[in-house]
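When reading the values below, keep in mind they use all heavy atoms of this one structure, side chains included, and skip hydrogens, waters and symmetry mates. Not measured: the values here are computed from a predicted model. Reminder, nothing fancy here: chain letters follow the sequence lines and each chain counts from 1.
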2 protein chains.
Amino acid sequence: MRWDELEEEPCSMARTIGVIGDRWTLLILRECFLRTRRFEGFQSALGITRHLLAERLKKLVRQGVLRRIPYQESPKRHEYILTQKGLDLYPIMMAIVHWGDTHMVDERGRPLLHQHRKCGKNFDPVMICSECGEPLSAKEVHTHPGPGARSTPAINAPEKPKAPEKPKAKARRSAA
Amino acid sequence: MRWDELEEEPCSMARTIGVIGDRWTLLILRECFLRTRRFEGFQSALGITRHLLAERLKKLVRQGVLRRIPYQESPKRHEYILTQKGLDLYPIMMAIVHWGDTHMVDERGRPLLHQHRKCGKNFDPVMICSECGEPLSAKEVHTHPGPGARSTPAINAPEKPKAPEKPKAKARRSAA
DNA sequence: ACCCTACAGTTCTAAAAACGAACTGTCAAA
DNA sequence: TTTGACAGTTCGTTTTTAGAACTGTAGGGT
């Protein structure tokens, strides 16, 4: 399965992974939320090779996650700014940070705390149901095909035979 | 920056990326939430090479995201089950799916819908502040160093000089 | 007993991606 | 005129991944 195949699968998760599912892209996006905007800024913050950085930035711009905006004319220079599509990645970033805070910290505690400006307190992000407001967990969610479905690959898909589970070997699920 | 270096950085995001920050791992985890448990199940669902699959499963077990449990003795066979640490990845998965639903669907609409068993409705996941219950967005969050901080790499870190931004070239941020 | 299949890997070679370091080009300031 | 900031590009080397075949245990059928 190649990278560009991923983005055509009928699974929102696969498609998203096609955009942000690699280490450097995720780290570049972290820097974006940290307000890094320029090539040298990303490069020195991350230690990524200039070659890869250029490539990843181009890809993110192509995908509409970043916008490339000129900030001077003399030698033409550009900044990379998060678009709304990019800003919408925030819940993913926060969910990733929160998992790390919960499961990957050492004795010293979490590297940083998040304060909500509105209420002034340090908080954790909590994911809730948009309809009833209750916190979500995997077991409470039932997934079923939507209008864009072809087969049914996604989190918590409906019943899947448990015991049999014997695909004819080599047969790949038509669209996973 | 090597993979195992990532996991030692004082940044919960970098550490988490060290665990789940690659395409195949994320896809394998999708399958786990889909209730796939066995080697052949993952392989045929994803089309991943057997070599890589074996390696990724080992890594996830080592990191405590999956547990390897025998399900028969005859020829020894094992299943891979999400631990609590693994189940806790659910908000990340849902955030990823939701972003895809919002920004990556084609004319046909989203591949699938999520129904909350408690309230019976199709929902979207919403991320809120654990303290005041208000929805979160990047701009409303201020981040500051916690007990485990060394430098300050993370989403929305406190002020960073905007104009100067001139690291001595080649100097990598002590720990990004 | 012999062959076929299911299952869970391991091994091997070729192809693709990432690394590292140097190089290009524009402009400003010293 | 030389140096340095900045934003890349180029190129040779090393690491990963892909793809396909092979290993080994065991059950079932004939």
Side-chain angles (χ1 to χ4, degrees), chain A residues 1-6 17-18 21-28 31 36-61 66 68-81 161-172, chain B residues 1-6 17-18 21-28 31 36-61 66 68-81 161-172:
Chain A
M1 189 189 292
R2 293 189 325 279
W3 240 191
D4 44 322
E5 285 183 79
L6 257 188
I17 290 173
D22 93 287
R23 30 193 102 186
W24 285 123
T25 299
L26 250 3
L27 256 3
I28 288 168
E31 289 305 311
T36 298
R37 292 155 134 71
R38 302 182 186 178
F39 193 92
E40 295 294 321
F42 290 108
Q43 203 284 318
S44 65
L46 298 173
I48 183 177
T49 64
R50 311 177 71 78
H51 178 62
L52 258 204
L53 175 58
E55 193 178 64
R56 291 291 190 271
L57 288 173
K58 253 180 219 153
K59 189 177 169 195
L60 286 169
V61 168
L66 298 179
R68 190 159 171 273
I69 298 177
Y71 69 88
Q72 68 171 41
E73 276 300 312
S74 30
K76 277 217 171 189
R77 294 277 186 264
H78 301 81
E79 292 188 314
Y80 297 89
I81 314 280
K162 282 192 75 166
E165 198 177 60
K166 297 184 196 296
K168 263 284 144 262
K170 270 212 151 184
R172 292 171 183 190
Chain B
M1 190 191 292
R2 292 190 325 280
W3 241 190
D4 44 323
E5 285 182 79
L6 258 188
I17 290 172
D22 94 286
R23 33 193 100 184
W24 285 124
T25 299
L26 251 2
L27 256 6
I28 288 168
E31 290 304 312
T36 298
R37 293 153 133 74
R38 303 182 185 176
F39 193 93
E40 295 293 322
F42 291 109
Q43 204 284 318
S44 64
L46 298 174
I48 183 177
T49 64
R50 311 177 72 76
H51 178 64
L52 259 202
L53 176 58
E55 192 177 64
R56 290 291 189 273
L57 288 173
K58 254 181 217 150
K59 189 177 168 195
L60 286 169
V61 168
L66 298 180
R68 190 159 170 273
I69 298 177
Y71 69 89
Q72 67 171 42
E73 275 300 311
S74 29
K76 276 216 170 190
R77 294 276 185 266
H78 301 82
E79 293 188 315
Y80 297 89
I81 314 280
K162 281 192 75 165
E165 200 176 57
K166 298 184 196 296
K168 261 288 148 262
K170 274 217 147 176
R172 293 171 182 186

Test item: I48(A) and F42(A) side chains (from C-beta on) under 4.5 Å apart, heavy atoms =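 No, every pair of side-chain atoms sits at 4.5 Å or beyond.
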
inquiry  = Below the 4.0 Å mark, does dT17(D) have OP1 or OP2 next to a side-chain nitrogen or oxygen of R56(B)?
reply    =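 Yes.
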
Atom-pair distance ([atom1] on [X]; [atom2] on [N]), nearest Å:
X: L52(A); N: dA16(C); atom1: CG; atom2: C1'; value: 13 Å
X: E55(A); N: dC19(C); atom1: CD; atom2: C1'; value: 13 Å
X: L53(B); N: dG9(C); atom1: CG; atom2: P; value: 8 Å
X: H51(A); N: dG12(D); atom1: NE2; atom2: C1'; value: 12 Å
X: R77(B); N: dT5(C); atom1: CZ; atom2: C1'; value: 12 Å
X: W24(B); N: dG19(D); atom1: CH2; atom2: C1'; value: 12 Å
X: L46(A); N: dC19(C); atom1: CG; atom2: C1'; value: 15 Å
X: R50(B); N: dA8(C); atom1: CZ; atom2: P; value: 9 Å

ask   = Any donor and acceptor pair, going by atom type alone, linking the side chain of Q72(A) with main-chain N or O of P75(A) inside 3.5 Å?
value =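 Answer holds: yes.
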
query = So how far is it from L26(B) CG to E31(B) CD, rounded to the nearest 0.5 Å?
reply =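 L26(B) CG to E31(B) CD: 12.0 Å, rounded to 0.5 Å.
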
key: Earlier contact from the 5' end, DNA chain D, for K58(A) and P75(A)   =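 Result of the comparison: P75(A).
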
inquiry  = Using a 4.0 Å heavy-atom cut-off, does Y80(A) contact any base of the nucleic acid, only the sugar-phosphate backbone, or nothing at all?
reply    =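 It contacts sugar-phosphate atoms only.
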
query = Out of dG8(D), dA8(C), dG9(C), which has the shortest distance to the side chain of R38(B)?
reply =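 Among the listed nucleotides, the one closest to the side chain of R38(B) is dA8(C).
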
message = By nearest heavy atom, map L57(B) and T49(A) onto DNA chain C; which one lands nearer the 5' end?
response =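 Nearest nucleotide further toward 5': that of L57(B).
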
query = Should H78(A) and F39(A) be marked as a side chain to side chain contact (heavy atoms under 4.5 Å, CB included) after you check the CA-CA gap, both sets of side-chain angles, and the distance that decides it?
reply = CA-CA 8 Å; H78(A) 301 81; F39(A) 193 92; over 6 Å; no

